[in-house]
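Note sheet for the following structure.
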Amino acid sequence: AEPPDVAAALPALAPAVRPAGADPRPSSLDADAPGAGRGAPAPVVPPAPTRPVGDATVFAQAPDPGAPDGVAAGRDGTVYVVSGNTGPVPSVLWAFSTTGALLASWVAPAQPEARQQGLSGVAVDRDGAVWVTDAATATVLRLDAAAGTLVPVAAVDDLPACGLLELRSPCERGVVDSAPVLAGIAAAPDGTLVVADRAQGVLWTLAGTDLSVLAVLDDRLAGDGPVGVSFAGDDEVLVAVGARGSSVPPGLPALFLLRLRDGDAAGAPVLVAELAVGEVPGDVVAGGSGRVYVSIPSTATIADIGLDQGDRIDIDVRRADPSSTGPTGLALRSRSLLVTDTSDRVLDLAVDDRPVTQGPT
């Protein structure tokens with residue numbers, strides 16, 4: 001059966017603000033709640049958290065060169081964080097233990113010294129392989145831990161602009177030809193990898209060493225497409241877009257849902273929620289409960305949105321941790337949201353949720 005259409009369930013949501021320690025939601029870990037598991041068997045519910053929802057602690061301090069951005073948690077508990085630093089110092093992938101101790105680091109290869117982008121995203125697939133997007137070179141990298149290197153796997157094509165008549169395919173919608181800027185990467189429970197290309201407004205899928213166009217986003221302003229991507233199951237991709245073209249007023253950030261069938265897009269992305277003016281997302285991650293978390297650096301807020309419940313509750317990161325200067329990357333582990341921050345730290349934020357199930361247990 002086709003999953004229910006959520007397009008009408010989430011109009012532009014007026015957020016409620018939740019201070020640290022207050023959780024007005026019904027338990028999102030109820031296995032019988034709407035959307036529980038998002039198409040995957042619900043894992044065993046862990047014991048109740050000892051920390052109140054919204055409580056924040058410092059998980060790790062990012063070493064030089066700082067600027068932590070994308071973050072991902074492996075099934076073995078290892079936490080991977082990339083640096084999005086600019087300038088002559090190369091970007092880095094760090095690995096941290098479950099308690100935040102630095103385990104290892106790897107330097108990005110072949111980055112130009114004069115650049116405005118660094119590493120942007122990281123994902124761990126169901127087999128434990130670690131994948132990284134480099135916005136500076138428009139390249140997807142794979143961690144070869146045995147060799148101690150990040151290995152280039154595939155470079156994203158610079159698509160031509162479609163133009164007014166759209167005579168080329170695939171092409172970048174509109175008349176502006178932007179160079180690719182990779183904003184993130186996500187791994188599905190079945191192993192599918194999807195890459196977000198913000199500048200060209202494209203979602204790419206990676207199979208082996210081949211990158212192909214999964215979807216071209218029409219509803220976005222030139223150069224401001226997908227800024228984050230996350231799987232809500234094997235066949236549902238959530239996409240955070242920096243600025244819609246058809247919103248009122250134009251340029252509102254938004255969330256879209258793209259459904260897949262046999263690894264290909266099954267129709268156009270569907271709008272599921274708009275954010276407010278100025279709420280440009282830093283990242284998005286879907287929880288196993290059907291809730292979605294969107295970081296908003298400009299307001300030091302994480303929007304906690306229920307795809308099935310149709311609500312939005314804001315987590316004020318700065319209220320929970322006054323030293324926060326703005327959340328960027330997001331990743332879930334059991335009842336804990338890992339948040340990279342522009343203060344060069346990785347925060348651990350208590351939430352009542354779990355990651356989307358990854359592969360066989």
Side-chain angles (χ1 to χ4, degrees), residues 56-74 78-124 130-145 147-153 155-156 179-185 195-199 227-228 280-283 285 295-298 300 317-318 321 323-331 337-349:
T57 60
V58 177
F59 172 76
Q61 182 74 37
D64 290 338
D69 195 350
V71 56
T78 303
V79 174
Y80 297 93
V81 180
V82 296
S83 65
N85 63 297
T86 60
V89 179
S91 301
V92 173
L93 167 68
W94 298 292
F96 296 94
S97 72
T98 56
T99 59
L102 182 63
L103 300 175
S105 62
W106 301 269
V107 175
Q111 285 186 326
E113 289 189 2
R115 66 180 196 279
Q116 300 301 313
Q117 308 283 343
L119 298 181
S120 55
V122 57
V124 183
V130 180
W131 303 86
V132 174
T133 48
D134 186 0
T137 61
T139 301
V140 178
L141 313 172
R142 186 181 187 277
L143 173 62
D144 185 339
T149 59
L150 288 168
V151 180
V153 174
V156 169
V181 175
L182 305 189
I185 186 169
V195 176
D197 181 348
R198 178 172 186 166
V227 296
V280 178
D283 200 4
V285 63
S295 63
I296 305 172
S298 62
V317 179
R318 194 170 289 139
D321 182 352
S323 300
S324 170
T325 55
T328 51
L330 299 175
L337 189 65
L338 294 169
V339 183
T340 57
D341 195 87
T342 52
S343 62
D344 282 349
R345 298 183 306 169
V346 183
L347 305 178
D348 184 293
L349 189 70

| request: Could you tell me which non-hydrogen atom of Ser343 sits nearest to which non-hydrogen atom of Thr325, and how far apart they are? | output: N-OG1, 3.0 Å
| task | Show your working on side chain to side chain contact (heavy atoms under 4.5 Å, CB included) between Leu141 and Leu93 and close with a plain yes or no. | result | CA-CA 11 Å; Leu141 313 172; Leu93 167 68; over 6 Å; no
| said: I'd like to check Ser323 versus Arg345 (side-chain heavy atoms, cut-off strictly below 4.5 Å). Are they in contact? | reply: yes
| Side chain Ser295, main chain Asp283, donor-acceptor under 3.5 Å | yes
| message | Could you check whether any side-chain N or O of Asp197 sits under 3.5 Å from a backbone N or O of Leu182, counting only pairs where one atom can act as donor and the other as acceptor? | response | no
| Out of Leu143, Asp144, Asp134, which one pairs with Leu150 under the side chain to side chain contact (heavy atoms under 4.5 Å, CB included) rule? | Leu143
| field | Rounded distance [0.5 Å steps], OG in Ser97 versus CZ in Phe59 | value | 6.0 Å
| query | Is any side-chain heavy atom of Val82 less than 4.5 Å from a side-chain heavy atom of Thr133? | reply | no
| Quick one: does Thr149's side chain have a donor or acceptor within less than 3.5 Å of a partner on Val151's backbone? | no
| Does Gln111 use its side chain to pair, donor to acceptor, with the backbone of Ser91 at less than 3.5 Å? | yes
| said: To check you understand the geometry: which heavy-atom pair defines the closest contact between Ser83 and Trp94, and what is its length? | reply: CB-CH2, 3.5 Å
| query | Which residue pairs pass the side-chain hydrogen bond (donor to acceptor under 3.5 Å, both in side chains) test with at least one member in residues 56-66, sequence neighbours excluded? | reply | none
| query | Taking all non-hydrogen atoms of both residues, which atom of Gly121 and which atom of Ile185 are closest, and how far apart? | reply | C-CG2, 3.9 Å
| query | Any idea which heavy atoms bring Pro297 and Pro281 closest together, and the distance? | reply | CD-C, 4.2 Å
| query | Under a 4.5 Å cut-off applied to non-hydrogen side-chain atoms, are Leu347 and Val58 in contact? | reply | yes
| request: Show your reasoning for whether side chain to side chain contact (heavy atoms under 4.5 Å, CB included) applies to Asp341 and Val346. | output: CA-CA 6 Å; Asp341 195 87; Val346 183; over 6 Å; no
| Do Leu119 and Asp69 come within less than 4.5 Å of each other through their side chains, counting heavy atoms only? | no
| request: Grab the two heavy atoms, one from Ala72 and one from Val124, that are nearest each other, plus how far apart they are. | output: CB-CG2, 4.1 Å
| query | Do the non-hydrogen side-chain atoms of Asp348 and Leu338 ever get within less than 4.5 Å of each other? | reply | yes
| query | Judged by modelled atom types alone, do Asp321 and Ser324 share a side-chain donor-acceptor pair under 3.5 Å? | reply | no
| task | Please examine the side chains of Val153 and Trp131, heavy atoms only from C-beta on, and report whether any two atoms are closer than 4.5 Å. | result | yes
| Under the 3.5 angstrom rule, does the side chain of Arg115 hit a backbone N or O of Asn85 as a donor-acceptor pair? | yes
| message | If I compare all heavy atoms of Val107 with all of Pro90, which pair ends up nearest, and what's the gap? | response | CG1-CB, 3.4 Å
